[in-house]
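Here is how names work: the chains are called A, B, and so on, in the same order as the sequence lines, proteins then strands, and each is numbered from 1. Quantities reported herein were computed from a predicted structural model and do not represent experimental measurements. Note that these values count all heavy atoms, side chains included, but never hydrogens, waters or copies made by symmetry.
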There are 2 protein chains.
Amino acid sequence: MKEPNSPDSPLADLCRQRGLKLTGQRRTIAFVLSDSDDHPDVEELYRRAVEVDPRISIATVYRTVRLFEENGILQRRDFGGGRARYEVADGDHGDHYHLIDADTGKVIEFENTELDSLLEGIVRQMGYDLVTTRLSVVGRRKAKPRSRG
Amino acid sequence: MKEPNSPDSPLADLCRQRGLKLTGQRRTIAFVLSDSDDHPDVEELYRRAVEVDPRISIATVYRTVRLFEENGILQRRDFGGGRARYEVADGDHGDHYHLIDADTGKVIEFENTELDSLLEGIVRQMGYDLVTTRLSVVGRRKAKPRSRG
DNA sequence: GTGATAATGAGAAAGATTATCATTTGCAAT
DNA sequence: ATTGCAAATGATAATCTTTCTCATTATCAC
C-alpha cells in the first residue's frame, strides 16, 4: 500500500492537475521525463522507461508523449534527424532556445530576455499574440583567432 | 534546337554553378522552384513538376530536393504536419523568418534586421559562427480590442 | 469492492522518405 | 555529330517513424 499523498514526480503531479488519469505507465514516463534534462526522442524515452517498468509498450510512450504535448506538459522539438524530440515545457519563466553545433549535432540551450521581448514585439506588431517560439540556430565553433600562424 | 546560352531558371543556373549535372528533371524541378514563392512539400513539388514534364518520378523529386539542400540551394523547413517543406535558400541578404497562424496554419514570412544582428551577436558570444537560423513563431490573431462590445 | 470507462500491449497499418537495380541520359572527348 | 562512361532516373521495394486496432487490463468514482 502507498500513502494517499505519495510524492510523485513533478510531472506526474502536473498530469493529475490537468485532470488526466494517472496510470502506472504515465507515472513512469512522467518520472523519466522529470529526471531528464536533455531532449530525448521517443525511442530513447522508451529505453529509459523500460528500466523503470519493463512491461511498458512503445505505443504507450508515443500516446503519452502526444497527450502530454496536447496538455502543455511537453514540447515537441525538431532538431533534424527525422524523429521528434521532447522536453519538459517551460513554466512561467521565459522560453529558452537552442544552439545546434553544426559539426557534432550537440544541442546547447540558452536564454535571452532581449530576444524574448524583441520577438514578442515583432509578433504583436504583426497583429498576433505569441503562442510559441521555435528557434534553433545552427552554428559552427569558431577557430580561436591566433595571431596568424 | 536551343541556343547555347538558353536562359534557364535562376535555380538551374545555380545548379550548374555548383557543378551539378543539369539533367532535364533537375531543370524542371529548378524551374518549378524558381516559380514558387511558397513552401511546398515534396508531394506538391511533384504535382507541379508533372505539369511541366509528365514522366518525372517522385523518387527524383526526393533525390533532387535533397541534393539541392546539400548544396545550399534549398532550405528544408518543418512547420509541423509530418512532411518536410522546402523553399529557395536566401542569398546574401539576411535570413527571413516565419510566423505561423496557430488556427489556420498559414505561414507568413517576415524579415527583421534587429533580430538578425541580435542572433548573430548571441551566437558569437557563445563562441560560434552562425550558420543557419531556424525560427518560426506560432501566433494567434489578436481580437481587435473594440471599446468593449 | 464494483462497474463503467478509459488506457494498455502487441502488432498491423499508414505515411514519409530512402534504397535498389536495370535502363537511360548528360556531358566531355573525339 | 558520335561514342563511352559515369551518373541520374523510374518503378517499386524496403525502411523508418508514428498512428491505429482491438482484445485485455487497470483506474477512479461510488
Side-chain angles (χ1 to χ4, degrees), chain A residues 1-6 8 12-13 15-30 32 39-47 49-50 52-71 73-74 76-86, chain B residues 1-2 4-6 8 12-13 15-32 39-47 49-50 52-71 73-74 76-86:
Chain A
M1 295 268 169
K2 298 182 118 184
E3 50 276 72
N5 289 337
S6 72
D8 278 321
D13 288 335
C15 184
R16 227 196 303 263
Q17 278 171 40
R18 302 286 156 98
L20 303 174
K21 196 183 278 188
L22 188 53
T23 67
Q25 290 86 339
R26 288 180 186 174
R27 201 191 311 266
T28 297
I29 294 166
V32 164
H39 312 83
D41 56 31
V42 170
E43 205 74 41
E44 176 61 26
L45 278 177
Y46 174 61
R47 248 174 264 131
V50 162
V52 180
D53 174 5
R55 59 197 170 147
I56 209 166
S57 155
I58 188 149
T60 298
V61 181
Y62 271 104
R63 275 191 285 243
T64 303
V65 133
R66 185 148 56 110
L67 179 75
F68 282 5
E69 196 205 352
E70 285 164 357
N71 282 273
I73 297 174
L74 282 185
R76 190 204 306 234
R77 299 290 183 187
D78 170 55
F79 298 137
R83 7 197 212 258
R85 296 168 65 172
Y86 290 88
Chain B
M1 292 278 162
K2 298 181 121 186
N5 288 337
S6 73
D8 276 323
D13 288 335
C15 184
R16 227 195 305 263
Q17 277 171 38
R18 302 288 156 95
L20 304 175
K21 194 183 279 191
L22 188 53
T23 67
Q25 289 86 338
R26 287 180 186 173
R27 200 189 312 263
T28 297
I29 295 167
F31 167 76
V32 165
H39 312 83
D41 58 31
V42 171
E43 205 76 39
E44 177 61 27
L45 278 177
Y46 174 60
R47 248 174 265 131
V50 162
V52 180
D53 174 5
R55 58 199 171 146
I56 209 166
S57 156
I58 188 148
T60 297
V61 181
Y62 271 105
R63 274 190 287 242
T64 303
V65 132
R66 185 148 57 108
L67 179 76
F68 282 4
E69 197 206 349
E70 285 164 356
N71 284 272
I73 297 174
L74 283 185
R76 191 203 306 232
R77 299 291 183 186
D78 169 55
F79 297 137
R83 9 193 209 258
R85 296 169 64 174
Y86 291 87

Roughly how many Å is it from [atom1] in [X] to [atom2] in [N], rounded to a whole number?
X	N	atom1	atom2	value
A:Leu67	D:dT27	CG	C1'	15 Å
B:Ile58	D:dA13	CD1	C1'	15 Å
B:Ile29	D:dA8	CD1	C1'	11 Å
B:Glu69	C:dT17	CD	P	12 Å
A:Glu43	D:dT19	CD	P	14 Å
A:Arg85	D:dT18	CZ	P	12 Å
B:Asp78	D:dT18	CG	C1'	14 Å
B:Glu70	C:dT17	CD	P	15 Å

**Report entry** Pairs meeting criterion salt bridge (charged side-chain N to carboxylate O under 4.0 Å, His left out) with involvement of residues 61-70 of chain A, two or more places apart
**Finding:**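 Passing the test, one end in residues 61-70 of chain A: A:Glu69-A:Arg76.
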Query - Where at least one partner belongs to residues 52-61 of chain B, residue pairs that pass salt bridge (charged side-chain N to carboxylate O under 4.0 Å, His left out), sequence neighbours excluded - result: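 Qualifying pairs: B:Asp53-B:Arg55.
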Query raised in the report: Can you name the side-chain hydrogen bond (donor to acceptor under 3.5 Å, both in side chains) partners of B:Arg18, sequence neighbours left out?
Result: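 Residues passing side-chain hydrogen bond (donor to acceptor under 3.5 Å, both in side chains) with B:Arg18: none at all.
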Query raised in the report: What residues, two or more places apart in sequence or in another chain, satisfy side-chain hydrogen bond (donor to acceptor under 3.5 Å, both in side chains) together with A:Glu44?
Result: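 Partners of A:Glu44 by the side-chain hydrogen bond (donor to acceptor under 3.5 Å, both in side chains) criterion, ordered by chain and then number, come out as A:Arg47, A:Arg48.
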Query raised in the report: In chain order, what residues pass the salt bridge (Lys or Arg N to Asp or Glu O under 4.0 Å) check against A:Asp78, with sequence neighbours excluded?
Result: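 Not a single residue meets the salt bridge (Lys or Arg N to Asp or Glu O under 4.0 Å) criterion with A:Asp78.
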Query - OP1 or OP2 of C:dT18 under 4.0 Å from side-chain N/O of B:Tyr62 - result: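 Checking C:dT18 against B:Tyr62, no side-chain N or O comes under 4.0 Å of OP1 or OP2.
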Query raised in the report: With the sugar-phosphate defined as primed atoms, P, OP1 and OP2, and the base as all remaining atoms, what B/S/- string results for nucleotides 19-30 of chain C, 5' to 3', for protein heavy atoms under 4.0 Å?
Result: BB-----SS---
Requested in this report: Please round to the nearest 0.5 Å and tell me the distance separating atom CD1 of A:Ile73 and atom CG of A:Leu20.
Outcome: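 Output value for this atom pair is 5.5 Å.
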Query raised in the report: Is A:Ile56 touching bases, backbone alone, or none of the nucleic acid, heavy atoms closer than 4.0 Å?
Result: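 Sugar-phosphate: the residue A:Ile56, judged by heavy atoms under 4.0 Å, touches backbone atoms but no base.
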